[in-house]
Amino acid sequence: MIRFESATKQYPDGTLAVDALDLVAPSGQITVLVGPSGCGKTTSLRMINRMIDATSGRILLDDQDVASVDPARLRRGIGYVIQHAGLFPHRTIIDNIASVPLMLGRSKKEARAGAMELLERVGLDPRFAQRYPAQLSGGQQQRVGVARALAADPPVMLMDEPFSAVDPVVREQLQDEFLRLQSDLGKTIVFVTHDIDEAIKLGDQVAVLRVGGRLAQMATPAELLSNPVDDFVANFVGRDRGYRALGFESVTALPLESEPTVSLDSSFTAAEKAAVDGWVLVLDGERRPQGWLAVADGPSATGDTISTATLRRGGTVAERDGTYRAVLDAALSSPTGRGVIVGPDGTFAGTINASRVVALIEARAEAPR
Amino acid sequence: MTSMTSTSSSPWHFFGYFLDHRSQDLSWLWTHAWLSVVPVIIGLLIALPLGWLSRRYGWLYPPMVSITGLLYTIPSIALFVLVPPLLGLSSLNPVQVPIALTVYSVALLVRVVADGLASVPDEVNQAATAIGYGGVRRLFAVELPIAVPVIAAGLRVATVSNVSMVAIAGTIGMSNLGQLFQLGKDLSTPTAYYPPIVLGIVLCVLLALVLDGLIILLTRVLTPWRRAVPSR
């Protein structure tokens, strides 16, 4: 557990970078510090491993004041990932990852064996081991950065905008893998970002800081979206927050409609007969939804069969016990207005339309939680 | 030693001159090589802490670079002559030339070391600090290896310029290839006699090329990572 006790960083010219910050980052969870530039989020992060020393107040790491620990020794026990990875250009990937174990006095063989395991754990091909950082893409380098931070198996990880220098597609991959990794490892993580969406996606709890280094609100992502403490937080959390908040609540007892379906290999004539309002849902052999067939599109060019080319596959599919957001999106994105709902094994369970989902959401809102 | 077995005074006769005085010329070449290299090595060892300091404490950089730069403007012949009295040595002491050349090497290399350390990307330094490299450890494990290309470029300049300055020390009586120029001058009365002068130039250039090549080779060995090209 990391505990800030009115930690303050004031520069000699009087500027307050962090102003009496009180905050607890619980063990085994991801605590995200988020805020506009100048809010002191990176300064706060660096006060934990003493890259910046607090001018007053203190920071406790498992009840020990970090100011009482030698900085270099303190840092070897804390993983650190920065924006551009900061890999050592003169060392191979494997030796980059093995840096901290070697510093801690482990044998070269042992350190490299551990590094090979980590390389795979962060999703990199073992053949990258002998390459140099310049030979890797930005996203790959960032994975190596994460592996290097994990190499000595530190209980605490500090991450300073680790995914913000890569393109959005890679960023999303890295975020997903990071969450998967964390669910295995259960590290105590403090994560800094300026991106509220990233904060909400990754954080078990999110601390919103305002310019001048003051804590505006500390809450779970759902709480932050549904109950921002003031205008600053509300504006920072941004638009669509009512809709985004639905992503944190699972539906219970979804009232599903039955829906006529046909399988991929049935004839077009059978599909035409089954259709409701000119649409019929097509399933594969394992009863997984494939798309909607519009009767008006006609049969396939080769005869009385269903044409896979004209299947409408645009709609999203939600799980029966998914979030309100997923279920509502399934209804809104369906070309028929009937949202496709599946069971946990991906087989078709039924449909629901948007007005019924909204009714559910309203019913939930009427009963104060 | 100035006995003349060769007779042609054509500049192109330098090779014949070399063959006739081979053992003397080779011994001068050998001393010349040592006098060129050792001061650079000692100069680098002195410049490393000075360069590190002027990088570590930014305010030191301008005065450090100016002062060491000024040293370089002292004419070499004056420095050779001044070193013995300043250090209380007898004149024509064998260490006077290495000491003077070390001063020049330091003058050149302090800036090179400071700039080399400055060439290390900021995020690399930050990452090194953040994962627990202390000051000295970071210098040797991270900063210096990455600064090798910049420092090596400075070493090449220092070494090659030392080769030419050692020759000047030859004209004040020190035993090296510079003696060939003195000899050529002495033998040029009453008529010009070029072979030793041309030989001196040729050997100096060859020596400079070989030493330069050695530094390039050493740099390549030390920086395999620079040849690693993006594989996609």
Side-chain angles (χ1 to χ4, degrees), chain A residues 42 45-46 48-52 69-93 95-104 127-128 130-138 140-141 144-145 148-152 154 157-161 165, chain B residues 44 48 51-52 55-59 112-113 115-155 215-232:
Chain A
T42 296
L45 187 79
R46 291 181 170 199
I48 300 172
N49 73 350
R50 295 193 59 193
M51 286 175 74
I52 294 174
V69 188
D70 168 63
R73 223 189 44 155
L74 175 75
R75 289 170 197 151
R76 281 173 220 158
I78 300 178
Y80 198 99
V81 187
I82 61 174
Q83 189 171 6
H84 293 281
L87 299 183
F88 303 135
H90 62 300
R91 290 193 190 156
T92 56
I93 298 308
D95 286 344
N96 261 283
I97 300 176
S99 295
V100 182
L102 285 175
M103 243 189 295
L104 292 170
R127 71 198 158 89
F128 285 147
Q130 297 308 323
R131 295 198 188 164
Y132 289 98
Q135 295 170 292
L136 269 57
S137 71
Q140 291 165 339
Q141 290 191 26
V144 178
R148 182 175 64 181
L150 287 169
M157 293 254 283
L158 307 180
M159 308 183 80
D160 189 0
E161 308 224 12
Chain B
L44 179 63
L48 278 177
W52 179 79
R55 168 80 186 130
R56 174 79 179 71
Y57 303 100
W59 56 270
V112 166
V113 170
D115 292 351
L117 294 178
S119 76
V120 180
D122 201 36
E123 70 262 17
V124 172
N125 270 327
Q126 280 186 24
T129 306
I131 68 173
Y133 280 99
V136 176
R137 200 167 185 159
R138 190 180 87 184
L139 177 70
F140 285 100
V142 179
E143 292 177 273
L144 280 179
I146 297 174
V148 161
V150 176
I151 294 177
L155 285 180
I215 297 174
I216 293 175
L217 205 69
L218 189 69
T219 313
R220 278 182 69 94
V221 171
L222 285 176
T223 57
W225 50 279
R226 288 187 82 217
R227 294 191 299 283
V229 284
S231 51
R232 281 159 309 103

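The chains referred to below are lettered A, B, ... by the order of the sequence lines, with proteins before strands, and numbering in each begins at 1.
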How would you list, by chain and number, every residue that makes a side chain to side chain donor-acceptor pair (under 3.5 Å) with A:Arg76, sequence neighbours excluded?
-> none
Under the side chain to side chain donor-acceptor pair (under 3.5 Å) rule, collect the residues that match up with A:Arg127, sequence neighbours excluded.
-> A:Asp125
Of all heavy-atom pairs between B:Ala130 and A:Arg75, which one has the smallest distance, and what is that distance?
-> O-CB, 3.3 Å
Check B:Ala127 against A:Arg148 and note the closest heavy-atom contact, atom names and distance.
-> CB-NH2, 3.4 Å
Given side chains that start at C-beta, do those of A:Ser99 and B:Tyr133 come closer than 4.5 Å, heavy atoms only?
-> yes
Kindly compute the distance separating CG (A:Asp160) from CD (B:Glu123), expressed to the nearest 0.5 Å.
-> 12.0 Å
Heavy atoms of other groups near B:Arg226 CZ, more than 12 under 6.0 Å | no
Shortest non-hydrogen contact between A:Met103 and B:Ile131, atoms and distance = CE-O, 3.6 Å
Region of A:Arg73 that comes under 4.5 Å of a non-hydrogen atom in chain B | neither
Got a list of side-chain donor-acceptor pairs under 3.5 Å for residues 78-85 of chain A, not counting sequence neighbours?
| unit_1 | atom_1 | unit_2 | atom_2 | d |
| --- | --- | --- | --- | --- |
| A:Tyr80 | OH | A:Arg46 | NE | 3.3 |
| A:Gln83 | NE2 | A:Ser164 | OG | 3.1 |

Identified side-chain contact (heavy atoms from CB on, under 4.5 Å) partner of A:His90 from the options B:Leu144, B:Ile146, B:Val148, B:Val120 = B:Ile146
Can you say whether A:Leu74 sits under 4.5 Å from chain B via the side chain, the backbone, both, or neither, judging by heavy atoms?
-> neither
Heavy-atom contacts under 4.5 Å, residues 217-225 of chain B to chain A | B:Pro224, B:Trp225
